[in-house]
Amino acid sequence: YNAVSSLKEYGPKVFDKIDEAEGINKLKGSGFDAIVTIVLLKNERERKYIPPAYNNRIWNYRYDIYNRIYEPGYYVTSTKYYWESNFYDMANQKLLYSVQTQTFAPTDAESMGHEYGKMIVKNMINQDTLKEQVVPSKISND
């Protein structure tokens, strides 16, 4: 599949300045068969205490709480991202696929975007929204 970023193709906010008909004509004029949207709906930070290794039996709860305050343990903060993606057929602007997902903080945003895109395509193939492309092998004349 050939995928093109709208940011690279048109620049930022180009669709903010035009109406629906102009936007659809611009997309159709570029020869796109389909549109995939990827939206970050929200992100949440979560702080969690990681206790030192010890036996977490119910009778020891009082000691566990005491240790949480006075013994070494540590807190970790993670960020959870909530995404929504849609896939539209440009022939009739119909929604063919929609998915909501969540991920944790990536090592870097670019790799997360790349992996997220591959995950969506794989899921659309599994749901028969897209057909898996077969790359023809070289034909030998031997």
Side-chain angles (χ1 to χ4, degrees), residues 1-140:
Y1 301 99
N2 283 333
V4 178
S5 162
S6 66
L7 181 62
K8 288 183 180 177
E9 182 77 12
Y10 304 110
K13 299 186 180 191
V14 70
F15 293 103
D16 293 351
K17 303 172 187 170
I18 58 178
D19 65 19
E20 180 183 359
E22 289 174 289
I24 297 298
N25 286 334
K26 183 177 275 298
L27 293 167
K28 283 185 175 180
S30 296
F32 296 122
D33 297 321
I35 302 296
V36 175
T37 63
I38 299 175
V39 178
L40 176 61
L41 297 174
K42 72 176 181 173
N43 60 29
E44 295 177 341
R45 293 180 62 91
E46 177 180 89
R47 190 167 188 234
K48 182 178 177 181
Y49 177 75
I50 308 296
Y54 51 83
N55 189 351
N56 285 325
R57 297 180 61 160
I58 194 160
W59 188 253
N60 294 331
Y61 176 75
R62 181 179 154 290
Y63 298 105
D64 291 347
I65 295 301
Y66 176 86
N67 288 336
R68 200 177 271 195
I69 297 168
Y70 297 106
E71 293 293 320
Y74 59 94
Y75 286 89
V76 294
T77 302
S78 62
T79 304
K80 191 182 291 186
Y81 294 91
Y82 296 87
W83 301 88
E84 180 175 88
S85 293
N86 295 315
F87 179 72
Y88 296 91
D89 182 352
M90 282 306 296
N92 55 20
Q93 292 86 53
K94 298 259 181 179
L95 177 66
L96 301 177
Y97 171 87
S98 185
V99 65
Q100 294 77 38
T101 60
Q102 62 187 28
T103 59
F104 285 95
T107 53
D108 65 81
E110 186 175 331
S111 66
M112 182 173 75
H114 181 71
E115 291 304 314
Y116 182 72
K118 289 189 332 185
M119 179 185 72
I120 291 170
V121 169
K122 184 176 181 179
N123 188 258
M124 285 193 283
I125 290 169
N126 288 340
Q127 292 188 13
D128 288 332
T129 303
L130 288 177
K131 300 297 178 205
E132 190 166 10
Q133 287 191 328
V134 178
V135 178
S137 60
K138 268 189 163 178
I139 299 174
S140 174

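One-based numbering along the sequence shown.
Residues forming a side-chain hydrogen bond (donor to acceptor under 3.5 Å, both in side chains) with Q127 (at least two apart in sequence, or on another chain): N123.
The distance from atom CE of M119 to atom CE of M124, rounded to the nearest 0.5 Å, is 10.5 Å. In this structure, CD1 in I24 is found 4.5 Å from CD in Q93, a value given to the nearest 0.5 Å. Atom-to-atom distance recorded for T129:OG1 and I120:CD1 is 11.5 Å, nearest 0.5 angstrom.
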Could you list the donor-acceptor pairs under 3.5 angstrom formed between side-chain atoms of residues 5-13 and any protein atom two or more places apart in sequence or on another chain?
residue, atom, partner, partner atom, Å
S5, OG, L7, N, 3.2
S5, OG, K8, N, 3.3
Y10, OH, S30, OG, 2.6

Distance-only check: which donor-acceptor pairs under 3.5 Å involve side-chain atoms of residues 41-48, not counting sequence neighbours?
residue, atom, partner, partner atom, Å
K42, NZ, E44, OE2, 3.2
E44, OE1, Y82, OH, 3.2

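The number of heavy atoms from other shown groups lying within 6.0 Å of CG (D33) does not exceed 12. Other residues, nucleotides and ligands place more than 12 heavy atoms under 6.0 Å from the CD atom of Q100.
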Worked verdict on L130 versus Y97 for side-chain contact (heavy atoms from CB on, under 4.5 Å): CA-CA 10 Å; L130 288 177; Y97 171 87; over 6 Å; no
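Under a 3.5 Å cut-off, the side chain of S85 and the backbone N or O of V99 do not form any donor-acceptor pair.
Across all non-hydrogen atoms, the minimal contact from M90 to K28 is O-CE, 3.3 Å.
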